[in-house]
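Have a look at the structure below before the remarks.
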Number of protein chains: 2
Amino acid sequence: MNTAPTTTSPPSSKNIDVWLIEDNRHFSEAIECILDTEDGIQLKESFRSAEAALKALPKKTPPQVIILDLGLPGMGGIEALPEIIKHAPKSQVLVLTTDDGRSKVLAAIANGASGYLLKSDDLDAIVSGIRDIVDGRAAINSRVSRMILDIFRKIPKPPPEANLTSRESEILCMLADGKIKKEVADLLGISYYTVDTHVKRIYKKLQVNNLSGAIARMSQQ
Amino acid sequence: MNTAPTTTSPPSSKNIDVWLIEDNRHFSEAIECILDTEDGIQLKESFRSAEAALKALPKKTPPQVIILDLGLPGMGGIEALPEIIKHAPKSQVLVLTTDDGRSKVLAAIANGASGYLLKSDDLDAIVSGIRDIVDGRAAINSRVSRMILDIFRKIPKPPPEANLTSRESEILCMLADGKIKKEVADLLGISYYTVDTHVKRIYKKLQVNNLSGAIARMSQQ
DNA sequence: CTAAACATGCCGAGAATACGGGATGCCCTT
DNA sequence: AAGGGCATCCCGTATTCTCGGCATGTTTAG
């Protein structure tokens with residue numbers, strides 16, 4: 001995020017070509033209007049559906065930035081994202097939507113969005129967001145940022161350390177690789193029965209009753 | 001991020017108390033100066049080391065926002081972060097540093113920072129960042145945002161055409177919970193054989209030959 | 001329209017697992 | 001010396017999986 005014009009914002013060289021995919025007339029007109037008055041940014045195309053944009057992509061020069069609404073009729077924005085990127089790998093997609101639900105945000109990011117702004121944001125934020133994106137920065141609404149941070153924080157939490165002994169962890173790890181007990185036994189140079197016993201204890205400790213549950217417990221926390 | 005004053009920024013009710021932990025005189029003075037002129041924000045304390053701040057924390061009322069430099073002499077900002085949060089769980093920490101290295105960013109987030117701004121950012125960005133944070137948003141420099149996005153994107157990416165259908169994913173997910181095929185079948189209201197068939201295809205697609213391998217592939221990439 | 005992709009259902013044999021026992025030896029702490 | 005935790009080994013049985021087929025109906029994309 002940048003709350004004010006970032007000091008490190010170079011003139012972004014030439015003109016920035018932009019496409020807009022937005023079904024809402026009012027909103028798209030507002031954007032068209034503000035981009036028209038903006039120096040160095042040029043709205044080249046405006047589509048009312050993802051299908052229309054995807055159809056146009058192979059025929060025209062892809063823009064640097066594609067502003068994409070998620071709440072599109074027909075093919076939704078999320079589904080369209082991978083397609084867009086497939087056809088225009090060099091274009092950066094700026095998602096612009098009303099929905100700040102966690103799943104949408106995650107899906108958008110996972111599918112390659114470079115920015116995620118909300119329609120409730122100031123229109124100026126869109127302009128700045130476009131410049132951010134072409135300069136290799138991210139344009140993300142601060143509320144969405146917060147959500148991402150919260151999610152992020154929960155991932156790298158390794159410490160709850162199960163009470164597994166190192167031997168047990170070792171065996172569970174190998175099983176999680178898809179190896180079967182027999183293989184593990186051979187690789188460790190111990191008996192199948194030993195592995196089996198270890199696994200039994202792992203299940204007890206982890207309170208599960210099969211390998212799948214144990215692996216899930218392991219790779220999650 | 002918010003590139004312009006966020007439209008959804010309410011007056012943030014009362015005064016915002018802020019502490020500053022920064023060893024660089026010039027910089028801390030600059031911040032003190034700009035916060036002094038800022039309405040509704042009050043810089044209550046200013047420390048030159050994490051130790052000093054930690055010593056003061058139990059004695060005074062913790063502020064809403066703590067601005068923390070990472071490049072501190074003695075105890076570094078990263079090490080101080082968990083301590084700060086332990087003693088002042090309600091305070092939000094805004095990291096303000098020159099270092100935008102990936103490891104620092106990740107460490108700061110993992111340790112509970114609510115914001116990450118760079119000293120190269122406009123001073124106004126700090127003010128807006130403070131307001132963002134108390135309003136439950138995140139204050140993150142857009143370059144850092146981009147980095148987080150890039151990292152984020154790599155986690156849930158199935159690089160090969162591991163394209164599981166939604167049904168397949170659903171089933172794999174349930175199996176990863178420790179459920180057995182029969183349970184999954186009952187829960188989905190379909191035949192055991194159907195589940196079995198789906199699983200067979202999952203193995204093919206993921207190039208594994210047992211559940212453990214499939215779950216591992218799923219939860220990692 | 002046709003082929004492909006998807007979801008669904010079924011069978012059977014052999015492989016692997018789950019889990020209840022029981023046992024031995026080592027090392028560490030009390 | 002005793003007890004506990006750990007790693008090791010063994011057995012039998014019931015359960016579950018794996019995987020090879022085969023087959024049908026629906027939806028989708030070309």
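Letters A, B, ... mirror the listed sequences (proteins, then strands); counts begin at 1.
- Dashed line: the shortest gap from a side-chain N or O of A:Ser191 to OP1 or OP2 of D:dC10 is under 4.0 Å.
- If A:Glu168 and B:Tyr203 are placed on DNA chain D by their nearest nucleotide, the residue sitting closer to the 5' end is A:Glu168.
- Taking both residues in full, the closest heavy atoms of A:Tyr192 and A:Lys181 are given as CE1-CB, 3.5 Å, listed atom of the first, atom of the second, then distance.
- Across D:dT8, D:dG20, D:dT18, the shortest atom-to-atom separation from the side chain of B:Lys200 is found for D:dG20.
- Within the 4.0 Å cut-off from OP1 or OP2 of C:dG9, at least one side-chain nitrogen or oxygen of B:Thr194 is found.
- Taking atom CG on B:Asn210 and atom C1' on D:dT16, their separation rounds to 13 Å, with Å as the unit.
- A:Asn209 comes within contact range of the sugar-phosphate backbone alone, with a heavy-atom separation under 4.0 Å but no base atom that close.
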Using the side chain to side chain contact (heavy atoms under 4.5 Å, CB included) rule, take A:Trp19 and A:Leu57 through it: C-alpha gap first, then chi angles, then the decisive distance, then the call. CA-CA 10 Å; A:Trp19 284 12; A:Leu57 259 186; 3.5 Å; yes

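- Among the nucleotides D:dC17, C:dA18, D:dT18, the one closest to the side chain of B:Val199 is D:dT18.
- Rounded to a whole Å, the CG atom of B:Leu172 is 16 Å from the P atom of C:dC6.
- Between the side chain of B:Asn210 and the backbone N or O of A:Gly178 there is at least one donor-acceptor pair closer than 3.5 Å.
- Atom OH in B:Tyr193 sits roughly 18 Å away from atom P in D:dT24 (whole-Å rounding).
- For B:Arg201 and D:dC19, the shortest distance from a side-chain N or O to OP1 or OP2 is not below 4.0 Å.
- Spacing between atom NE2 of A:His198 and atom P of D:dC6 amounts to 11 Å, rounded to whole angstrom units.
- Rounded to whole Å, atom P of D:dT18 lies 12 Å from atom CD1 of B:Ile180.
- A salt bridge links A:Lys119 to A:Asp69: at least one charged side-chain nitrogen sits closer than 4.0 Å to a carboxylate oxygen.
- Residues B:Tyr192 and A:Lys182 each lie close to DNA chain C; by heavy-atom proximity, the contact nearer the 5' end of the strand is made by B:Tyr192.
- Closest approach of A:Leu149 and B:Ser114 over heavy atoms only: CD2-O, 3.8 Å.
- The distance from atom CG of A:Leu164 to atom P of D:dG5 is 15 Å, rounded to the nearest whole Å.
- The separation between A:Lys204 atom NZ and D:dC6 atom P is 15 Å, rounded to whole Å.
- Using a 4.0 Å heavy-atom criterion, one finds that B:Asp196 contacts the bases of the nucleic acid, with or without backbone contacts as well.
- Between A:Leu54 atom CG and D:dG30 atom P the separation is 12 Å, expressed in whole Å.
- Dashed line: the shortest gap from a side-chain N or O of B:Thr197 to OP1 or OP2 of C:dA7 is not under 4.0 Å.
- Among the protein residues, B:Lys181 comes within range of the nucleic acid bases, having at least one heavy atom under 4.0 Å from a base atom.
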